[in-house]
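Source: prediction; values computed, not measured. By convention in this document, chain letters (A, B, ...) are assigned in the order of the sequence lines, proteins followed by strands, and residues within each chain are numbered from 1.
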Amino acid sequence: MQAISTPPPHLSPVLADWYRSGARDLPWRRPEFHVQFGAWGTLVSEFMLQQTPVNRVIPHLEAWLGRWPTPTAMSTATPAEVVMQWANLGYPRRALWLHRAAIEISERHGGDVPRDVDALLALSGIGDYTARAVAAFAFGDRHPVVDTNTRRVIARAVDGRSQPGPAARRDLVAMDALLPHADDESAVFNAAMMELGATVCTSRAPKCDACPLATQCVWLSSGRPDTGDGRRRQARYEGSDRQARGAVLKALRHSDAGEIPLDEVIHDWRDGAQRDRAIDSLIADGLAEASEQSLRLPH
DNA sequence: TAGACGTGGAT
DNA sequence: TATCCAAGTCT
C-alpha cells in the first residue's frame, strides 16, 4: 500500500541553522522594533515590501513609523498626507490602502492590529501573503507565509523546476506541508525560506555553492535544467499609462501648494490623450482630486 | 485568471 | 539601451 502523499523533505533544521547564523540584520527583525511598534510595525513593513526591494523600504519605514507610530495616529491623517509621505516608493495605492487599513483597525479592532488571519484578510490592501506574514512574524503563530522567494525555493528544492509557476492557492498547501509543527520553529522556517530566496536562491544567477539546501535540492541534483516555466513578461513601462500616472503624481507631490492648474499638469507630455487618461484614472483611484480648475492630492 | 499597477537598481 | 526583477493585491 502506497502512502497517499510522499513525506515532505525535512528542510527545517538545516535552514534554521543557516538563518540564525547569517541572516541579514533588518529593522523588522530586531526585538526593539517589536517592542516599540508591535504588530503595527510589522504590518507597515509588509505593506512597503510588497513588490519593493528591502533597501528602498528601510528609510521610508523609519520615517513612516516615526510620524505615525500607531494605527490610530495614522487614521487621523489625510489621504494627501499619506500619499506625500509615501513619496517615490511606488504603487501609491498601497499608501491609500494602508491608510484605510489603519482606519479599519481603529474602528473594528480598537486600534490593535488583529491576530486572526481572517480578520487581517478583511483589511484593505492585505492579501494572502501580508495577512500570514503579520500573523507569523508579529504574533508568532503557525501559518504558511508564501511570497515569490518561498515559491522559488520550493519550485527548485522540492519540485526540481527552474522557476515557480504562477502564484496559486496550492502554494499555501505546499508550504504548509513543509512547515514545522511548533509555532516558533515555523516562524523561523518562514523567514528562512524567504531569506534564502532573497539572498541565495535568487531568480537569476542563484548561488548554489553557498546554499544550505544544496545536498537536498532536486533542481541542483538534476543539473539545474531550464524547465521553461517562464514568468509572464512585465508590460513595457516606457511610454505606458503607468508612466504617465507616475509623472502626474510626482508633479503633485513636488508642487508647492499641493495643487496644479489642470492645464499645467505634465503639459509637455507627448500624448495628450494619455495624460488625460492618467489624470482621470488617478481621480478614480482616489489618488488625486479635481477642485476648480486645478488638480491636487486627495483631501 | 490575466492584466493593471511605480520606481529604480542590476545585468 | 533593453529587459529583468523586487516580502503582492485588486478587479
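- The closest donor-acceptor contact from the side chain of A/R161 to the backbone of A/A155 lies at 3.5 Å or more, if one exists at all.
- Judged purely by atom type and a 3.5 angstrom limit, A/R67 has no side-chain atom pairing as donor or acceptor with the backbone of A/A73.
- A distance of 12.5 Å separates CZ of A/R151 from CE of A/M175, quoted to the nearest 0.5 Å.
- Here the C1' atom of nucleotide B/dA2 and the CZ atom of A/R169 are 18 Å apart, to the nearest Å.
- In this structure, the side chain of A/T202 does not engage the main chain of A/T199 through any donor-acceptor pair within 3.5 Å.
- When atom types are taken as modelled, the side chain of A/H99 and the backbone of A/L96 share no donor-acceptor pair closer than 3.5 angstrom.
- Of the possible polar contacts, one joining the A/T227 side chain to the A/S162 backbone as a donor-acceptor pair under 3.5 Å is found.
- Rounded to the nearest Å, the gap between the P atom of C/dT11 and that of B/dG6 is 14 Å.
- Looking at heavy atoms from C-beta onward, A/M194 lies in side-chain contact with A/F137 at the 4.5 angstrom threshold.
- Distance CZ (A/R24) to P (C/dA6): 12 Å, rounded to an integer number of Å.
- Summarising the geometry, the separation between CG on A/D171 and C1' on C/dT9 is reported as 15 Å, rounded to the nearest angstrom.
- The CD1 atom of A/I266 lies 8.0 Å from the CD atom of A/Q274; values are rounded to the nearest 0.5 Å.
- Between A/A168 and A/A235, it is A/A168 whose nearest contact on DNA chain B lies nearer the 5' terminus.
- Where A/S124 and A/R29 each meet DNA chain C at their nearest nucleotide, the meeting point lying more 5' is that of A/R29.
- Distance A/R233 CZ to C/dA2 P: 13 Å, rounded to the nearest Å.
- As judged by a 4.0 angstrom heavy-atom cut-off over every strand, A/T202 is placed among residues making no nucleic acid contact.
- Among the protein residues, A/W28 comes within range of the nucleic acid bases, having at least one heavy atom under 4.0 Å from a base atom.
- Atom CG in A/D128 sits about 18 Å away from atom P in C/dA7, given to the nearest Å.
- If you measure from atom CD of A/E46 to atom P of C/dG8, you get 9 Å, rounded to the nearest angstrom.
- The nearest heavy atom of DNA chain C to A/L121 and to A/L26 marks one nucleotide each, and the one closer to the 5' end goes with A/L26.
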Kindly give the atom pairs (protein nitrogen or oxygen, nucleotide nitrogen or oxygen) under 3.5 Å for nucleotides 6-9 of chain B.
{"from": "B/dG6", "atom 1": "OP2", "to": "A/R245", "atom 2": "NE", "distance (Å)": "2.5"}
{"from": "B/dG6", "atom 1": "OP2", "to": "A/R245", "atom 2": "NH2", "distance (Å)": "3.1"}
{"from": "B/dG6", "atom 1": "O4'", "to": "A/Y91", "atom 2": "N", "distance (Å)": "2.9"}
{"from": "B/dG6", "atom 1": "N7", "to": "A/R242", "atom 2": "NH2", "distance (Å)": "2.6"}
{"from": "B/dG6", "atom 1": "O6", "to": "A/Y91", "atom 2": "OH", "distance (Å)": "2.9"}
{"from": "B/dG6", "atom 1": "N1", "to": "A/Q51", "atom 2": "O", "distance (Å)": "3.3"}
{"from": "B/dG6", "atom 1": "N2", "to": "A/Q51", "atom 2": "O", "distance (Å)": "3.3"}
{"from": "B/dG6", "atom 1": "N2", "to": "A/T52", "atom 2": "OG1", "distance (Å)": "3.0"}
{"from": "B/dG6", "atom 1": "N2", "to": "A/L89", "atom 2": "O", "distance (Å)": "3.4"}
{"from": "B/dT7", "atom 1": "O2", "to": "A/R56", "atom 2": "NH1", "distance (Å)": "2.9"}
{"from": "B/dG8", "atom 1": "OP1", "to": "A/N88", "atom 2": "ND2", "distance (Å)": "2.9"}

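- Taking CZ from A/R93 and CZ from A/R100, the interatomic distance works out to 10.5 Å, rounded to the nearest 0.5 Å.
- At whole-Å resolution of the value, CZ in A/R100 and P in C/dT9 are 15 Å apart.
- For the C1' atom pair drawn from C/dA7 and B/dA2, the interatomic distance equals 22 Å after rounding to whole Å.
- Straight-line distance between the P atoms of B/dG3 and C/dC4: roughly 15 Å, to the nearest whole Å.
- Computed from coordinates, the A/L98 CG to C/dT9 P distance equals 13 Å when rounded to whole Å.
- Across residues 139-155 of chain A, A/D147, A/T148, A/N149, A/R152 each have a non-hydrogen atom less than 4.0 Å from an atom of DNA chain C (numbered order).
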Distance-only check: which donor-acceptor pairs under 3.5 Å involve side-chain atoms of residues 122-129 of chain A, not counting sequence neighbours?
{"from": "A/S124", "atom 1": "OG", "to": "A/E104", "atom 2": "OE1", "distance (Å)": "3.4"}
{"from": "A/S124", "atom 1": "OG", "to": "A/E104", "atom 2": "OE2", "distance (Å)": "2.7"}
{"from": "A/D128", "atom 1": "OD1", "to": "A/R132", "atom 2": "NH1", "distance (Å)": "3.3"}
{"from": "A/D128", "atom 1": "OD1", "to": "A/R169", "atom 2": "NH1", "distance (Å)": "3.1"}
{"from": "A/D128", "atom 1": "OD2", "to": "A/R169", "atom 2": "NH1", "distance (Å)": "2.8"}
{"from": "A/Y129", "atom 1": "OH", "to": "A/E46", "atom 2": "OE1", "distance (Å)": "2.6"}

